[in-house]
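Here is the structure we will look at, set down as structure tokens.
Numbers restart at 1 for each chain; the letters A, B, ... are given by sequence-line order, proteins then strands. For the numbers below, each heavy atom of this structure counts, side chains included, while hydrogens, waters and symmetry mates do not.
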Amino acid sequence: MTIRDLATLDAWIAAARETGLVAFDTETTSLDAMQAELVGFSLAIADNSKNPSGTDIRAAYVPLLHKTGGNDLFSDGVKLAENRIPSAVALERLKDLLEDPSVLKIAQNLKYDYLVMKRHGVSIASFDDTMLMSYVVDAGAGTHGMDSLSEKWLGHQPIPYKDVAGSGKSSVSFDYVDIDKATAYAAEDADVTLRLWQVLKPRLAAKNLNVVYERLERPLVPVLARMEERGITIDRQILSRLSGELAQGAAGLEHEIYGLVGESFNIGSPKQLGDILFGRLGLPGGAKTKTGQWSTSAQVLEELALEGHELPRKIVDWRQLTKLKSTYTDALPGFVHPETKRVHTSYALAATTTGRLSSSEPNLQNIPVRTAEGRKIRTAFISTPGHKLVSADYSQIELRVLAHVAEIPQLKQAFSDGIDIHAMTASEMFGVPVEGMPSEIRRRAKAINFGIIYGISAFGLANQLSIERSEAGDYIKKYFERFPGIRDYMESTKAFARENGYVETIFGRRAHYPDIRSSNPSHRAFNERAAINAPIQGSAADIIRRAMVKMEPALEQAGLSQRARMLLQVHDELIFEVEDADVERAIPLIVSVMENAAMPALDMKVPLKVDARAAHNWDEAH
DNA sequence: AGTCTCACG
DNA sequence: ACGTACGTGAGACTC
């Protein structure tokens with residue numbers, strides 16, 4: 001039903017207070033929570049007040065800002081629908097409900113609604129998120145959007161959004177959807193959300209996953225919402241200047257490439273490039289892509305360059321410059337918010353199989369760092385006047401997790417003693433002293449350590465080091481002789497995954513691998529490597545999640561919460577904006593929270609180490 | 001919409 | 001004999 005008068009809204013809110021829980025959903029003008037205007041909201045209530053898990057659910061939609069009428073009515077072409085509660089009044093009532101800690105609010109992807117409401121002055125307290133509940137129960141087994149959850153658990157397909165607002169060019173924002181259609185759609189969403197909660201709540205408990213949900217997932221929602229809301233400043237002048245330099249560099253290379261080839265073509269087209277390199281010029285092809293074309297990947301081109309060809313190097317360089325230009329210097333300014341003048345990424349809490357976050361629109365977890373050219377992009381991420389950016393990152397967190405979970409004495413000892421872990425690995429394997437270790441030996445040991453984390457294969461290691469597969473196989477054999485506990489750990493992880501269909505992190509988070517028993521050997525091997533990696537990557541993800549949850553209370557207690565603000569997370573790194581005068585005090589606190597993030601719940605047998613520094617921009621802080 | 005490539009941890 | 005290093009998101013090209 002549609003709620004159009006205050007008395008009815010009050011009655012619904014009173015009913016929600018009776019049962020102590022209400023499903024809630026916002027309807028807005030944008031998928032981007034930082035841009036979205038609230039158009040209306042829906043509520044769903046389990047009617048039987050003595051039995052909130054009952055199936056007797058009613059749902060309603062409260063329109064706030066729907067527009068109506070045609071171009072003939074007003075010069076601006078719109079008029080607010082009249083048959084509704086004045087939005088300021090409805091919002092006031094809604095605020096009372098959402099901020100009431102004695103009523104559990106249930107939403108699907110709550111971070112979105114949380115941000116929208118926060119921007120309207122409402123701070124939601126006491127909530128559950130069905131998307132996160134599904135993620136905790138089923139990470140790796142499908143997506144966690146409402147439509148797929150409804151299909152999966154309720155056998156019901158909700159009204160598609162495009163049936164309400166249209167699609168493509170003819171689509172309209174939700175404020176132009178008529179109220180009856182909006183009600184059918186929005187009320188159903190709240191209804192489905194409540195039903196999903198009723199299904200998922202007992203499943204969380206049955207699988208003993210409440211702790212993961214309550215300590216690693218749910219409390220992160222407001223933390224991430226605040227980070228997204230704060231955003232970070234970028235210097236558009238720096239990006240614009242870099243863009244010009246990249247354009248010049250790319251144009252020069254383009255000219256040289258056409259000169260060497262003898263004609264112009266689209267260098268950005270892998271198809272055309274492959275035809276030129278391996279057809280017209282007759283260069284020896286390497287790997288093929290899955291569609292049977294010659295691969296033109298950087299690795300292939302680098303090898304051709306090593307064989308003395310002049311062209312591939314220039315193509316690699318051209319690719320690098322155009323990548324930096326299109327993905328970063330040209331795209332980032334488009335993400336500057338018109339009002340805040342900052343860039344607000346969006347973090348996905350339920351996107352990865354392992355428990356990592358992901359970042360999008362824009363992705364701020366893949367800002368270049370590995371090349372000098374790329375790092376210049378980081379100089380454009382700056383602190384506001386009177387502040388510094390502080391970057392704090394875990395040192396070797398995944399290898400430390402591996403040392404802990406696999407209980408490897410030499411690794412644990414090396415981390416406790418603060419020894420260079422790759423040099424130690426090389427020393428164990430090749431009998432070379434750590435002092436004066438040749439860099440090439442260390443480089444190989446480092447690649448092996450990474451390979452172990454990824455579920456090593458001779459093929460992958462050979463590829464990485466550009467050596468023969470047999471030689472890579474010898475390294476792996478040697479490694480397992482020196483670290484038999486790693487091989488045991490990998491084998492027992494595989495066995496566990498085969499037996500249970502999932503693996504677990506140190507906090508008990510599960511990552512599912514439904515295809516681990518595939519009869520296709522390569523498919524199965526792929527799942528096995530992923531299953532070996534997941535507890536390591538996922539445990540590291542758990543640890544930084546704990547650090548993020550603990551960070552704000554710790555800053556608050558130190559009186560720094562207004563002066564030191566967490567802005568970004570990049571898997572093993574947290575970036576803060578800190579007032580100049582507080583940097584020296586904030587850094588040790590941040591480091592301490594991160595280094596102790598796994599305690600006291602977990603008794604990590606390996607110390608965690610965090611490096612932190614402050615500077616005016618991200619490049620110098622990192 | 002799918003493919004290829006490449007940016008990050 | 002398979003065909004792969006683990007986890008992501010985005011831009012350009014292609015159909």
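We find that R444(A) and E471(A) are joined by a salt bridge, their nearest charged nitrogen and carboxylate oxygen being less than 4.0 Å apart. Under the 4.0 Å criterion applied to side-chain N and carboxylate O atoms, E481(A) and K478(A) are not assigned as salt-bridge partners. A salt bridge links E577(A) with R342(A): at least one charged nitrogen is closer than 4.0 Å to a carboxylate oxygen. Ion pairing between E398(A) and R356(A) holds under the 4.0 Å rule for side-chain N and carboxylate O. At a threshold of 4.0 Å, the pair E440(A)-R443(A) counts as salt-bridged, since one of the basic side-chain nitrogens sits closer than that to a carboxylate oxygen. Using a 4.0 Å cut-off between charged side-chain N and carboxylate O, R613(A) and E620(A) make no salt bridge. Residues R313(A) and D317(A) are paired through a salt bridge, judged by an N-O separation under 4.0 Å between the basic side chain and the carboxylate.
Within the 4.0 angstrom heavy-atom criterion, only backbone atoms of the sugar-phosphate kind lie near D572(A); the bases stay farther away. Here L461(A) lies in heavy-atom contact (under 4.0 Å) with a base. Across all strands shown, A287(A) has no heavy atoms under 4.0 Å from either base or sugar-phosphate atoms. Heavy atoms of I367(A) sit under 4.0 angstrom from primed sugar atoms or phosphate atoms, though from no base atom. A298(A) comes within 4.0 angstrom of the backbone, heavy atoms only, and of no base. Residue contacts for P521(A): at a heavy-atom cut-off of 4.0 Å it reaches a base atom on one of the strands shown. Within the nucleic acid shown, G451(A) comes within 4.0 Å of at least one base atom, counting heavy atoms only. Within 4.0 Å of Q272(A), counting heavy atoms only, lie sugar-phosphate atoms of the nucleic acid but no base atom. Across all strands, A534(A) comes closer than 4.0 Å to no nucleic acid atom at all (heavy-atom distances). Using a 4.0 Å heavy-atom cutoff across all strands shown, S457(A) reaches at least one base atom of the nucleic acid. If you check every strand for non-hydrogen atoms under 4.0 Å, E361(A) touches sugar and phosphate atoms only. Counting any heavy atom pair closer than 4.0 Å across all strands shown, N266(A) reaches sugar-phosphate atoms only and no base atom. Within 4.0 Å of R524(A), counting heavy atoms only, lies no atom of the nucleic acid at all.
Atom CG of D330(A) and atom P of dA7(B) are 16 Å apart (whole Å). L364(A) has its CG atom 11 Å from the C1' atom of dG9(C), to the nearest Å. In this entry the distance linking OH of Y328(A) with P of dA12(C) reads 12 Å, nearest Å. If you take CG of L357(A) and P of dT8(C), they are 12 Å apart, rounded to a whole angstrom. The OH atom of Y454(A) sits 10 Å away from the P atom of dG9(B) (whole-angstrom rounding). Per the geometry, CD1 belonging to I575(A) stands 12 Å off C1' belonging to dC8(B), to the nearest Å. If you take CD1 of I267(A) and C1' of dG11(C), they are 16 Å apart, rounded to a whole angstrom. At whole-Å resolution of the value, CD1 in I516(A) and P in dT4(C) are 17 Å apart.
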With a cut-off of 3.5 Å and sequence neighbours excluded, list every side-chain donor-acceptor pair involving residues 246-255 of chain A.
{"residue": "E254(A)", "atom": "OE2", "partner": "Y258(A)", "partner atom": "OH", "Å": "3.3"}

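Across dC6(B) and dA5(C), the matching P atoms stand 14 Å from one another, rounded to whole Å. dC2(C) and dT5(B) have their C1' atoms separated by 25 Å, given to the nearest Å.
Residue K323(A) places its side chain closer to dC6(B) than to any other of dC6(B), dT3(B), dT14(C). Listed nucleotides dG9(C), dT3(B), dG9(B) differ in distance to V369(A); the shortest reach to its side chain belongs to dG9(B). Relative to the side chain of N366(A), the nucleotides dC8(B), dC4(B), dT8(C) differ in distance, and dC8(B) lies closest. If you check dA7(B), dC4(B), dT4(C) against the side chain of P368(A), the one that comes closest is dA7(B). Across dG9(C), dC6(C), dC6(B), the shortest atom-to-atom separation from the side chain of Q537(A) is found for dC6(C). The listed nucleotides are dG7(C), dC4(B), dT4(C); the one nearest the side chain of R356(A) is dG7(C).
Close to dC4(B), at under 4.0 Å from its OP1 or OP2, lies a side-chain N or O of T291(A). Remark: S359(A) is not in phosphate contact with dT8(C), judged by side-chain N or O atoms under 4.0 Å from OP1 or OP2. Residue T296(A) places at least one side-chain N or O closer than 4.0 Å to OP1 or OP2 of dT5(B). A sub-4.0 Å separation between OP1 or OP2 of dG11(C) and a side-chain N or O of T327(A) is absent. Residue N363(A) places none of its side-chain N or O atoms closer than 4.0 Å to OP1 or OP2 of dA7(B). In this model, the phosphate group of dT5(B) is approached by a side-chain N or O of S295(A) to a distance below 4.0 Å at OP1 or OP2. In this model, the phosphate group of dC4(B) is not approached by any side-chain N or O of S269(A) to a distance below 4.0 Å at OP1 or OP2. At least one side-chain nitrogen or oxygen of R370(A) sits closer than 4.0 Å to the OP1 or OP2 atom of dC8(B). Distances shorter than 4.0 Å separate none of the side-chain N or O atoms of T354(A) from OP1 or OP2 on dG7(C). A close approach under 4.0 Å does not occur between any side-chain nitrogen or oxygen of Q320(A) and OP1 or OP2 of dT5(B).
Each of S522(A) and A530(A) lies near DNA chain C, and the nucleotide nearest S522(A) is the one positioned closer to the 5' end.
Applying the side chain to side chain contact (heavy atoms under 4.5 Å, CB included) test between N266(A) and each of S269(A), P270(A), S264(A) identifies S269(A) as the sole match.
The six-membered or imidazole ring of Y479(A) lies away from that of Y475(A), with a centre-to-centre distance of 6.0 Å or more. F496(A) has its ring centre less than 6.0 Å from the ring centre of Y502(A).
Checked by distance alone, R529(A) brings no side-chain donor or acceptor within 3.5 Å of a matching partner on the base of dG7(C).
Look at F526(A) and the base of dT4(C); the rings do not stack under the cut-offs of 5.5 Å between centres and 30° between planes.
Looking at DNA chain C, the stems built from 3 or more consecutive Watson-Crick or G-U wobble pairs, each pair with its key distances under 3.5 Å, are B:1-9 with C:6-14.
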